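Just so we're clear, the structure is a prediction, and the values are computed from it rather than from any experiment.
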Amino acid sequence: MMRILTSEQIRALEAAADESGISYLRLMENAGAACAKVIRTRLDKTDKRQAVLLCGKGKNGGDGFVAARKLFENGYDVRVLLVQGPPRADNAQEMFTRLRELEIPVESYDPHSERQRALLQQAGVLVDAVFGTGFSGALPPQLEALFAFLETCPGLRVSIDLPSGVSADDPSIASRPFCADLTVSVMALKPALAAYPARSFAGEVEVVSIGVPEELYKPYNRVFAFADADIKKLFPPRRADAHKGDFGKALLVAGSYEMPGAALLASRGCISCGAGLVRLAFPDCAYPAVTAAVPEKVLLPLASNRFGRISAQAEKQLLDALAGSTACLIGCGMGLDYDTRALVRAVLQNAAVPVVLDADGINAAADDIDMLREANAPVILTPHPGEAARLLGCTVQEVQADRLAACEALCEKTDATVVLKGAGTVVSADGKRFSVNLTGNAGLATAGSGDVLAGMLLGLLCQGLSPLEASVAAVHIHGRAGEAASKDFAQCAVTPSRVLDGLGQVLSRFTE
């Protein structure tokens with residue numbers, strides 16, 4: 001897992017490390033060396049060994065001086081451009097002195113120099129070490145113009161800690177920052193690297209350690225991001241003599257005459273993630289549409305009301321099915337009326353197994369939040385920002401302005417595990433520790449994606465993952481499946497069905 005720390009927390013950690021005997025100068029040396037090592041892992045075996053480092057006057061520039069020295073010592077053709085003049089920070093000045101002891105060309109950046117522009121065009125790697133966690137506001141026009149030019153250069157663009165022009169704690173952008181192919185984030189991810197629009201300028205992000213003792217991080221174990229390797233650990237191997245009963249019985253309550261597709265998409269998501277048996281409860285008026293696909297599901301047609309939705313008269317049948325299930329999902333495409341509210345309330349009051357509440361299931365509880373708090377079994381909510389706003393009695397803009405705070409408020413108000421969907425989906429089981437998802441793309445921004453995700457979550461619950469584990473894993477893998485679909489189709493052409501078509505292959509990265 002990768003921690004996400006604010007600039008204030010980073011400063012506090014550096015101070016604690018200094019007090020423990022690891023000096024600020026040593027931390028800078030370690031940071032620059034770690035960044036150089038990441039660059040070398042990508043370029044050592046290529047012919048792109050011409051490096052130009054753009055260094056600022058502060059600590060980020062000091063990291064750049066160290067990286068320049070380490071690359072030079074390992075055979076790279078290195079040049080340094082001072083884009084803000086000589087360094088002013090004490091430790092950066094010391095690192096600049098050490099750099100000058102080597103035969104590394106150093107010169108001040110001249111925006112009118114054709115020679116320097118040619119140098120940048122020819123470089124195999126362009127390293128941005130101008131601004132770090134202390135930056136806020138807008139870039140000077142000269143630097144904004146330089147960064148725009150660098151986007152036309154063919155070399156690998158690498159940022160140390162943050163793309164210059166990005167504020168560590170604020171993902172909003174006041175001017176166009178350096179556009180990196182790779183960002184080497186020192187000590188931890190910064191909040192801006194996990195949220196848009198800033199995240200779109202970071203490229204691939206890799207976090208590097210700089211020798212701060214693990215025990216010093218303990219006060220800051222609050223916000224994390226998961227990598228593929230973390231998710232893979234959540235999947236136990238399947239025994240050779242396993243049978244379908246070992247992988248759970250899923251009850252999926254979904255669909256309506258108007259929206260039968262939601263039931264089909266959720267069913268496919270659940271089955272594709274490995275649930276042993278999937279029973280789909282749906283209004284009988286939608287029978288022709290629901291039977292049109294996903295032959296693996298078991299059908300439980302229930303009485304329909306006059307709106308083509310499941311009738312509350314089917315409550316006993318539904319609860320009988322619930323009693324024999326490992327986990328339940330209710331809400332996808334059900335529509336919202338009195339009957340939906342009555343069925344959601346009945347499921348929450350009677351379930352002895354985890355219940356995933358999605359879409360209209362969430363809307364059914366919005367006017368009676370106590371039904372969530374009074375549930376006897378774990379509840380997982382999967383709201384998009386609009387549904388979250390209805391639950392919290394606020395605006396979508398307020399939810400989006402501070403998604404961590406919104407997730408925390410939902411946890412406190414509902415006592416549920418919350419999956420606050422959107423770019424950078426936030427997951428929390430207690431409102432105290434949060435996971436921010438880094439996978440996925442805009443191809444998933446289409447109707448039906450949430451149904452797939454909810455079904456995947458149900459399938460993982462059926463196999464014994466906890467509500468938090470299943471939520472984090474489903475969100476992460478769903479994002480990877482969206483990325484995979486985008487390799488074959490334009491993002492605007494990615495559909496939930498196409499995501500599902502590639503889900504099995506994506507899952508093989510995590511289960512084998």
Side-chain angles (χ1 to χ4, degrees), residues 1-20 22-24 26-35 38 58-60 62-63 89 91 128-129 131-136 159-172 177 180 182-199 201-227 229-230 401-408 420 423-439 472 476:
M1 294 188 294
M2 298 174 283
R3 290 181 182 86
I4 300 177
L5 300 179
T6 66
S7 56
E8 181 179 351
Q9 291 170 332
I10 291 291
R11 287 192 292 271
L13 270 170
E14 291 174 338
D18 184 60
E19 290 178 7
S20 73
I22 306 172
S23 68
Y24 284 103
R26 169 48 59 184
L27 292 174
M28 183 175 286
E29 177 75 14
N30 292 350
C35 293
V38 171
K59 292 191 294 182
N60 197 248
D63 296 340
N91 293 327
D128 157 35
F131 293 116
T133 56
F135 177 84
S136 63
S159 285
I160 295 180
D161 213 18
L162 286 159
S164 290
V166 168
S167 173
D169 303 330
D170 183 359
S172 63
L182 168 67
T183 296
V184 185
S185 191
V186 177
M187 296 175 64
L189 282 174
K190 314 306 183 293
L193 296 179
Y196 291 95
R199 182 175 148 196
F201 293 93
E204 178 189 355
V205 179
E206 182 168 339
V207 176
V208 293
S209 171
I210 60 171
V212 176
E214 185 64 25
E215 60 266 21
L216 296 183
Y217 285 96
K218 289 181 180 178
Y220 309 105
N221 289 336
R222 184 170 184 262
V223 188
F224 296 87
F226 283 75
D230 301 313
D402 192 340
R403 289 170 56 81
L404 286 180
C407 187
E408 179 179 0
L420 179 55
T425 293
V426 181
V427 180
S428 180
D430 57 9
K432 297 177 182 178
R433 288 165 59 93
F434 303 87
S435 166
V436 179
N437 183 56
L438 301 182
T439 67
V472 170
H476 186 97

Closest contact, heavy atoms only, [X] versus [Y]:
X    : Y    : answer
F201 : P163 : O-CG, 3.6 Å
A192 : S167 : CB-O, 3.1 Å
K432 : R222 : O-CG, 3.1 Å
R403 : A423 : NE-O, 4.0 Å

For residues 205-212, dump all side-chain donor-acceptor pairs below 3.5 Å to protein atoms at least two apart in sequence or in another chain.
residue	atom	partner	partner atom	Å
E206	OE1	R42	NH1	3.4
E206	OE1	R42	NH2	3.1
S209	OG	G211	N	3.4

Side-chain contact test, heavy atoms from C-beta onward, threshold under 4.5 Å: evaluate it for [X] versus [Y] and give yes or no.
X    : Y    : value
H476 : D230 : no
I22  : P213 : yes
D63  : C35  : no

[X]: which residues meet the side chain to side chain donor-acceptor pair (under 3.5 Å) condition with it, sequence neighbours left out?
X    : value
D169 : S7
N437 : T439
T183 : none
S172 : D170

With sequence neighbours excluded, residues passing salt bridge (Lys or Arg N to Asp or Glu O under 4.0 Å) with [X]:
X    : value
E215 : none
R11  : none
D161 : K190
R3   : E214

### Summary
For A89, the side-chain contact (heavy atoms from CB on, under 4.5 Å) test, sequence neighbours excluded, returns K59, A92
### Task
For Y220, enumerate each residue passing the side-chain contact (heavy atoms from CB on, under 4.5 Å) test, keeping only those at least two apart in sequence or located in another chain.
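Y220: side-chain contact (heavy atoms from CB on, under 4.5 Å) contacts with L5, Q9, A12, L13.
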### Message
Please check this pair: side chain of R199 against backbone of L438, looking for a donor-acceptor N/O pair closer than 3.5 Å.
### Response
yes
### Query
Quick one: does D128's side chain have a donor or acceptor within less than 3.5 Å of a partner on S164's backbone?
yes
### For F135, all residues meeting ring pair (Phe, Tyr, Trp, His ring centres under 6.0 Å), sequence neighbours excluded
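For F135, the residues satisfying ring pair (Phe, Tyr, Trp, His ring centres under 6.0 Å) (neighbours in sequence not counted) are F131.
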Can you measure from [atom1] ([X]) to [atom2] ([Y]) and round to the nearest 0.5 angstrom?
X    : Y    : atom1 : atom2 : answer
D402 : C407 : CG    : SG    : 10.5 Å
M2   : L193 : CE    : CG    : 10.0 Å
L27  : N91  : CG    : CG    : 9.0 Å

### Query
How about E8: does its CD atom have over 12 heavy atoms from other parts shown lying under 6.0 Å from it?
no
